[in-house]
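One structure is given here, and the rest of the page talks about it.
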There are 2 protein chains.
Amino acid sequence: MAGTSLRCTDCGLQNICFPPAFDDSALSRISEVIGQPPLLSKGQALYQIGQPHHAIYAIRSGSIKTSIIQLDGSELITGFYQPGEVVGLENLGHTDCTSRAEALEKTTLCVLPTNQLTTLSRQLPELQQHIFNLMSTEIRADHQRLHLLGARSVEARLASFLYGWIQRLEHRKLAGSSFRLPMARADLANHLGVAVETVSRSFSRLEQLGILQVSGKAVHIHDSAQLLVMANAQCA
Amino acid sequence: MAGTSLRCTDCGLQNICFPPAFDDSALSRISEVIGQPPLLSKGQALYQIGQPHHAIYAIRSGSIKTSIIQLDGSELITGFYQPGEVVGLENLGHTDCTSRAEALEKTTLCVLPTNQLTTLSRQLPELQQHIFNLMSTEIRADHQRLHLLGARSVEARLASFLYGWIQRLEHRKLAGSSFRLPMARADLANHLGVAVETVSRSFSRLEQLGILQVSGKAVHIHDSAQLLVMANAQCA
DNA sequence: CGTAGCATTGATTCTCTTCAAGAGGTGTGG
DNA sequence: CCACACCTCTTGAAGAGAATCAATGCTACG
């Protein structure tokens, strides 16, 4: 697979990683710095806490979870990432990783070495702009996640998470109302800041309300509008 | 006050906004783009949701809170900022503001116009690096905030918030164990995702435990080590 | 000095956690 | 291909913790 179909101009996710503002020559130059794409199997780490930071990564297929560890050893999952999304931005501008990224399933990625990316972005204003955009979008996403955790009821948190997840899927034209959640219930519970059992119960409740249908990791949304209402209900 | 003491080389916060990596000539060039510093009174907005994004801001004195609004109109305070910290990074790379920044007290700022900052950063690699650093630090701070909200007990959340707040104060050599929280209880409650009454009760409990002393907005930390223990206890 | 908003404290209700058990699914080895 | 074991997910009951409602104290500011 080495070297083949690594050019952004050939990639189906072209307009997602690097939007239309980029012309072909710019994309070609970006493609030149993209490294060998690693293939991660389920549970394998992309980077670990304490490792030196070398690159950021664009997901081609599969999914990634990122997490931080507190002093007491407890883990918090900070985010789940889909194909077309960029992972590792929290390390840009730092020498070491303070977080961990792990594949939730078989996952392929594009490697964007930091050094080359920053150098290139000085020459390509649209790339510089795009990196700023990616990073600030990440900040905004984190703010949404904060809102998610701040939401009073767990059902609202779950609804909010699901709604956001679907929106991102749709933005990348990856799914309609039926999709498969790549993460385990325990991961989801951790990310939402609640107990696993509560997540299960919340799923059941949303199912009883006729909003969605769940069977393990498979989810089908019946009433997207109602899901949005749930997501925004009972907030601080 | 216009034009006076706006040069980074003269500023007491010099090593905070722009660390030692910058030489005088770089600082001078940065200083040249710094705009008229607005003086905000308590409650006044620095930028609002929906406004076009023009600049990021470094706080010289005072404090700022940033917040987002959900579709249902509920507000979530995403962060509180101290002197020496940079506000507005979530808008870099975007045309419009999706958040609101408001002064918690009388506040002075340096204005860093985005256009000039991005242009200059293409010429000064250390500035580019520093902007990346600021943004990724913001992402990391948000991840810490996520952990804070994910913490089980409210006491742990409050302890975690206070510990982080003190660390930032100390990093800027602004305070020891006694300080004044600029935000109202309601703001703090909102940020921590709990009810105002619960914040009050948690303060009282920490006081009973001999960890700190509270009198309105004034806080004195007796046992910083114990506060850290509290902050990390009972996490997910 | 008085008023209005902010902060604390108390009592009750409700949600989520915890502990416990059972169901469903998956993967491995016979 | 089936059986068994393991693991994840779901469901139930009891208890703890926070939200809510309500009232009182406190502080700041005109």
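Proteins get letters first, then strands, A, B, ... in listed order; numbering begins at 1 in each.
- For the pair A/Arg201 and C/dC16, the criterion of a side-chain N or O lying under 4.0 Å from OP1 or OP2 is not met.
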Please test B/Gln44 against B/Ser41 for side-chain hydrogen bond (donor to acceptor under 3.5 Å, both in side chains), starting from the C-alpha separation and ending with a verdict. CA-CA 6 Å; B/Gln44 209 176 340; B/Ser41 52; 3.0 Å; yes
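- Rounding to whole angstrom units, CG of residue A/Leu206 and C1' of D/dT10 are separated by 15 Å.
- With distances taken from any side-chain atom of A/Glu197 to the nucleotides C/dT18, D/dA18, D/dA22, the minimum falls on C/dT18.
- Spacing between atom CZ of A/Arg157 and atom P of C/dT17 amounts to 8 Å, rounded to whole angstrom units.
- The NZ atom of B/Lys106 sits 12 Å away from the P atom of D/dC29 (whole-angstrom rounding).
- Between B/Met135 and B/Leu92 there is a side-chain heavy-atom pair separated by less than 4.5 Å.
- Rounded to an integer number of Å, the gap from B/Met183 CE to C/dA7 P is 11 Å.
- Put simply, CZ on B/Phe203 is 12 Å from C1' on C/dT8, counting in whole angstrom units.
- When distances run from any side-chain atom of A/Val196 to the nucleotides D/dA18, C/dT17, D/dT10, the shortest one goes to D/dT10.
- Taking 4.0 angstrom as the limit, B/Ser200 places none of its side-chain polar atoms (N or O) nearer than this to OP1 or OP2 of C/dA7.
- The nucleotide whose nearest atom lies closest to any side-chain atom of A/Arg185 is, among C/dT17, D/dC9, C/dA7, D/dC9.
- Under a 3.5 Å cut-off, the side chain of B/His222 and the backbone N or O of B/Gly210 do not form any donor-acceptor pair.
- In this structure, the CG atom of A/Asp187 is 14 Å from the C1' atom of D/dC7, given to the nearest Å.
- At least one side-chain nitrogen or oxygen of A/Ser204 sits closer than 4.0 Å to the OP1 or OP2 atom of D/dT11.
- With B/Ser99 contributing its side chain and B/Thr66 its backbone, the two residues share no donor-acceptor pair below 3.5 Å.
- Between A/Lys217 and D/dC9, a side-chain N or O to OP1/OP2 separation shorter than 4.0 Å is present.
- Heavy atoms of B/Val199 sit nowhere under 4.0 angstrom from any nucleic acid atom.
- Residues A/Arg100 and A/Glu102 are paired through a salt bridge, judged by an N-O separation under 4.0 Å between the basic side chain and the carboxylate.
- Distance CZ (A/Arg180) to P (D/dT8): 15 Å, rounded to an integer number of Å.
- Under 3.5 Å, the side chain of A/Glu155 and the base of C/dC16 form no donor-acceptor pair of N or O atoms.
- Look at CG on B/Leu181: it is 11 Å from P on C/dA7, rounded to the nearest Å.
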